[in-house]
Amino acid sequence: MPEPAPPAEEIVRYEKDPKTKIATITFDRPDHLNAPTIAARVRYADLLHRASVDDEVKVLVIRGTGDDLGSGADLPEFMEAFNSPDQGPRLAEYRIGPDEVAYPPQGSFRYGATLSSWYANSHSGIRSLQDFKKISILEVKGYCYGWHFYQAADADLVISSDDALFGHPAFRYAGWAPRMWWWAQTMGLRKFQEMVFTGRAFTAAEMFQCNFLNSVVPRDRLEAEVDKYAQACARNRPTDTVFMQKTFFEFMKQFQGEYLGSMMTGLFETVGGFAAPDNNDMMFDQAMDRGINNAVKDNDANFPPEWRLSKRARQRED
């Protein structure tokens with residue numbers, strides 16, 4: 001039996017300094033590459049909501065402990081909950097008690113669409129930074145994959161170490177992911193298409209060239225660089241002005257279709273089971289049966305070393 005996951009309060013830590021008006025969210029599960037559990041993602045969304053209202057917060061820094069920001073959500077936990085005959089863990093994803101409602105039956109459109117619609121909701125912990133009315137700064141190092149890459153799309157500023165890797169393993173095992181529309185907007189269509197069609201991760205240098213990153217520095221200078229940005233943002237304009245600025249950018253994002261994009265990729269999540277393999281392609285259900293981490297690592301061998309997702313595999317030569 002695997003060890004139970006730590007409580008959400010341990011996986012997602014929060015602190016604030018009322019004097020500087022700078023708050024910090026820290027993902028603290030380095031032995032699992034900072035993968036948030038369902039409860040941790042719900043806590044993350046709640047913390048963003050509270051910080052957005054809190055008059056003692058103007059700037060929020062988001063970072064991870066250990067070598068990486070993170071490699072995505074806890075997929076084994078998610079799949080176990082989603083496929084379990086006990087609907088309690090599955091309903092926890094939606095902030096609903098185990099016996100309060102009946103989840104839509106397997107085989108119905110709503111079975112998958114309910115989850116897809118939830119991922120577009122700011123309270124889900126997926127796109128919660130979109131509704132955040134303060135300044136958010138994401139500190140990236142090592143892996144920035146999957147769920148953590150969602151946060152990179154939605155943060156206001158992204159500061160990265162020069163050894164960071166960006167992408168989503170879903171482009172290798174499914175073909176889409178919930179924030180595709182906004183990644184295309186923030187990376188530029190041509191380069192994002194390259195990421196989707198090859199499934200490869202992009203380096204910090206490549207993401208900087210895409211104008212996706214604000215600054216790239218050596219790892220030993222990363223925290224100081226983030227602090228410089230946070231202090232400047234906190235000292236610049238009043239919190240009311242920041243709220244107005246964020247509202248302006250929100251109008252702009254919605255004109256560009258940010259929320260629409262979440263709904264569209266949610267539709268793909270619902271009907272994706274109809275996609276058929278050409279030959280021996282890795283498909284999502286098979287990957288989950290084998291274990292997504294092992295399946296993605298094995299599939300890495302089909303690609304040149306510099307296009308592999310694993311840092312260790314990228315260092316090997318065929």
Side-chain angles (χ1 to χ4, degrees), residues 41 48 62 69-73 112-113 115-122 124-132 135-138 140 143-160 164-216 246-272 274-275 281 284 296 303 306-309:
R41 286 189 277 111
L48 289 175
I62 303 168
L69 173 64
S71 64
L115 182 69
S116 303
S117 297
W118 176 240
Y119 277 177
N121 189 306
S122 62
S124 68
I126 301 296
R127 60 176 292 275
S128 302
L129 275 178
Q130 283 295 332
D131 277 3
F132 187 58
I135 300 168
S136 60
I137 303 174
L138 188 71
V140 179
Y143 291 130
C144 182
Y145 285 174
W147 182 87
H148 296 86
F149 192 32
Y150 301 160
Q151 311 317 310
D154 294 343
D156 295 312
L157 305 175
V158 184
I159 316 300
S160 175
L165 293 171
F166 298 79
H168 201 316
F171 299 144
R172 291 263 170 97
Y173 64 74
W176 56 82
R179 306 304 291 138
M180 282 181 69
W181 188 294
W182 204 240
W183 284 322
Q185 288 282 2
T186 49
M187 286 181 62
L189 181 61
R190 192 80 68 188
K191 295 306 290 185
F192 180 60
Q193 286 181 151
E194 180 181 343
M195 178 180 283
V196 170
F197 295 148
T198 67
R200 74 178 184 89
F202 277 40
T203 65
E206 290 176 302
M207 295 300 277
F208 186 76
Q209 291 174 347
C210 294
N211 291 322
F212 189 87
L213 304 177
N214 297 91
S215 179
V216 178
K246 289 298 297 277
T247 301
F248 169 83
F249 289 123
E250 184 66 17
F251 271 102
M252 181 177 176
K253 289 176 180 180
Q254 296 317 319
F255 182 78
Q256 294 172 323
E258 181 274 322
Y259 180 73
L260 174 63
S262 285
M263 296 303 294
M264 284 193 65
T265 49
L267 178 64
F268 294 160
E269 294 279 350
T270 305
V271 302
F274 292 103
D281 305 302
F284 181 72
V296 170
F303 299 89
E306 70 273 17
W307 282 12
R308 293 171 185 169
L309 299 177

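All values reported here derive from a predicted model rather than from experimental measurement.
One finds the OG atom of Ser116 at 11.0 Å from the CD1 atom of Ile126 (value rounded to the nearest 0.5 Å). Separation of atoms OG1 (Thr186) and CE (Met207) is listed at 7.0 Å; rounding is to 0.5 Å. Interatomic distance, Asp131 CG to Arg127 CZ, rounded to the nearest 0.5 Å: 5.5 Å. Note that OG of Ser71 and OH of Tyr145 are 9.0 Å apart. Values are rounded to the nearest 0.5 Å. Between the CH2 atom of Trp183 and the SG atom of Cys210 there is a distance of 14.0 Å, given to the nearest 0.5 Å. The structure places CG of Leu69 at 9.5 Å from OG of Ser160, a figure rounded to the nearest 0.5 Å.
Ring pair Phe171/Phe192 is perpendicular by interplanar angle, where above 60° counts as perpendicular and below 30° as parallel. Ring orientation note: the planes of His168 and Tyr150 are tilted relative to one another, at an angle of 30° to 60°.
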Decide side-chain contact (heavy atoms from CB on, under 4.5 Å) for Ile137 and Asp156; before the verdict, give the C-alpha distance in whole Å, the side-chain angles of both, and the deciding distance to 0.1 Å. CA-CA 6 Å; Ile137 303 174; Asp156 295 312; over 6 Å; no
Test Trp307 against Thr198 for side-chain contact (heavy atoms from CB on, under 4.5 Å), laying out the working first. CA-CA 8 Å; Trp307 282 12; Thr198 67; 3.9 Å; yes
For Lys253 and Tyr259, what are the C-alpha separation, side-chain angles and deciding distance, and is it a side-chain contact (heavy atoms from CB on, under 4.5 Å)? CA-CA 8 Å; Lys253 289 176 180 180; Tyr259 180 73; over 6 Å; no
Go through Leu129 and Leu48 one step at a time and tell me if the side-chain contact (heavy atoms from CB on, under 4.5 Å) criterion holds. CA-CA 7 Å; Leu129 275 178; Leu48 289 175; 3.8 Å; yes
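Under 3.5 Å, the side chains of Arg179 and Ser262 contain a donor-acceptor pair of N or O atoms.
The backbone N or O of Gly125 sits nowhere less than 3.5 Å from a side-chain atom of Arg41 that would complete a donor-acceptor pair. At distances below 3.5 Å, at least one donor-acceptor pair connects side-chain atoms of Gln151 with backbone N or O atoms of Trp147. Distance alone, capped at 3.5 Å, is enough to place a donor-acceptor pair between the Lys246 side chain and the Phe132 backbone. Side-chain atoms of Ser124 come within 3.5 Å of backbone atoms of Trp118 as a donor-acceptor pair (strictly under, hydrogens ignored). Panel note: side chain Asn214, backbone Val158; a donor-acceptor pair is recorded below 3.5 Å. A donor-acceptor contact shorter than 3.5 Å links the side chain of Ser128 to the backbone of Ser122. Counting only distance, with no hydrogens or angles, the side chain of Thr265 and the backbone of Pro178 share a donor-acceptor pair below 3.5 Å.
Using a 4.5 Å heavy-atom cutoff, the side chains of Phe202 and Met195 are in contact. Counting heavy atoms from C-beta outward, Met264 and Met180 have side chains that stay 4.5 Å or more apart. Taking 4.5 Å as the limit, every side-chain heavy atom of Ile159 sits out of range of all side-chain heavy atoms of Val140.
In terms of heavy atoms, Asp154 sits closest to Gln130 at OD1-NE2, 2.9 Å. Ser136 approaches Ala155 most closely through the heavy-atom pair OG-CA, 3.4 Å. The minimum heavy-atom distance between Phe149 and Cys144, with the atom names listed, is CB-O, 3.6 Å. When all heavy atoms of Leu213 and Phe208 are compared, the closest pair comes out as O-CD1, 3.6 Å. Listed here is the closest heavy atom pair of Ala201 and Leu309: N-CD2, 3.9 Å.
Residues passing the side chain to side chain donor-acceptor pair (under 3.5 Å) test with Glu306: none are found, sequence neighbours excluded.
Salt bridge status for Glu206 with Lys191: absent, with no side-chain N to carboxylate O gap under 4.0 Å.
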